[in-house]
Amino acid sequence: MLWCWHLAAEMQVYVLSPIFILSLLRWQRFGYCLASITIFLSGLSCFLITTEYNLIYCSFVQLDLYIGDLESFLDRIWMYIDSLYYKPYTRISPYLIGVLLGYQFYGKNFKDIRNRWVSCILFL
């Protein structure tokens with residue numbers, strides 16, 4: 001059951017989500033800063049792991065580069081999956097963007113043009 005990693009990653013992020021939601025409800029600026037810093041650190045960790053291990057994107061489009069050596073290609077794909085794809089700290093960015101978008105939809109008055117723009121940017 002290879003898809004069970006997603007349940008574990010979602011559960012770990014779900015356990016951390018009250019920190020972000022409560023900080024947004026009590027201290028809005030701090031909540032936005034905390035979520036933004038976490039999203040930035042998640043992206044930075046993806047970048048650093050990718051450059052450290054010289055990972056390839058898990059796509060069969062790159063199979064042309066490894067025509068004669070399929071075993072090496074599959075080893076590189078599994079290295080990508082094990083070191084980057086399964087980790088919850090690389091998966092928290094989309095979850096937090098959803099939390100921020102949900103917060104915008106939950107308690108804001110959308111007649112204000114600034115709130116509409118923030119919601120549209122988060123939705124993209």
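All values reported here derive from a predicted model rather than from experimental measurement.
Taken from OG in Ser23 to CD in Gln28, the straight-line distance is 10.5 Å, to the nearest 0.5 Å. Ile92 contributes atom CD1, which lies 8.5 Å from atom CD1 of Ile39 (distance to the nearest 0.5 angstrom). Rounding to the nearest 0.5 angstrom, the gap separating the OH atom in Tyr85 from the SG atom in Cys46 is 12.0 Å.
The shortest non-hydrogen separation linking Leu96 to Ala35 is CD1-O, 4.0 Å. Of all heavy-atom pairs between Leu24 and Gly31, the closest is CD2-C, 3.7 Å.
Between Tyr103 and Tyr32, the ring planes are perpendicular. Angles over 60° get that label, and only those under 30° would be called parallel.
Residues that satisfy the side-chain hydrogen bond (donor to acceptor under 3.5 Å, both in side chains) test with Ser42, not counting sequence neighbours, are Ser93. Residues passing the side-chain contact (heavy atoms from CB on, under 4.5 Å) test with Thr50 are Leu55, Leu84, sequence neighbours excluded. With sequence neighbours left out, Tyr53 forms a ring pair (Phe, Tyr, Trp, His ring centres under 6.0 Å) with no residue at all.
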Side-chain polar contacts of residues 9-22 - donor-acceptor pairs under 3.5 angstrom, sequence neighbours left out - could you list them?
unit_1: Ser17; atom_1: OG; unit_2: Tyr14; atom_2: O; d: 2.7

ask   = Asn54 and Arg76: side-chain contact (heavy atoms from CB on, under 4.5 Å), yes or no, with the steps?
value = CA-CA 9 Å; Asn54 193 18; Arg76 298 278 310 257; 4.1 Å; yes

inquiry  = Could you walk me through whether Trp27 and Leu34 satisfy the side-chain contact (heavy atoms from CB on, under 4.5 Å) test, starting with their C-alpha distance in whole Å, then the side-chain angles of each, then the deciding distance to 0.1 Å, before giving a yes or no?
reply    = CA-CA 10 Å; Trp27 311 284; Leu34 182 65; over 6 Å; no

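Members clustered with Leu44: Ile37, Phe40, Leu41, Phe47, Leu48, by chain and number, using a 4.5 Å side-chain heavy-atom cutoff among hydrophobic residues.
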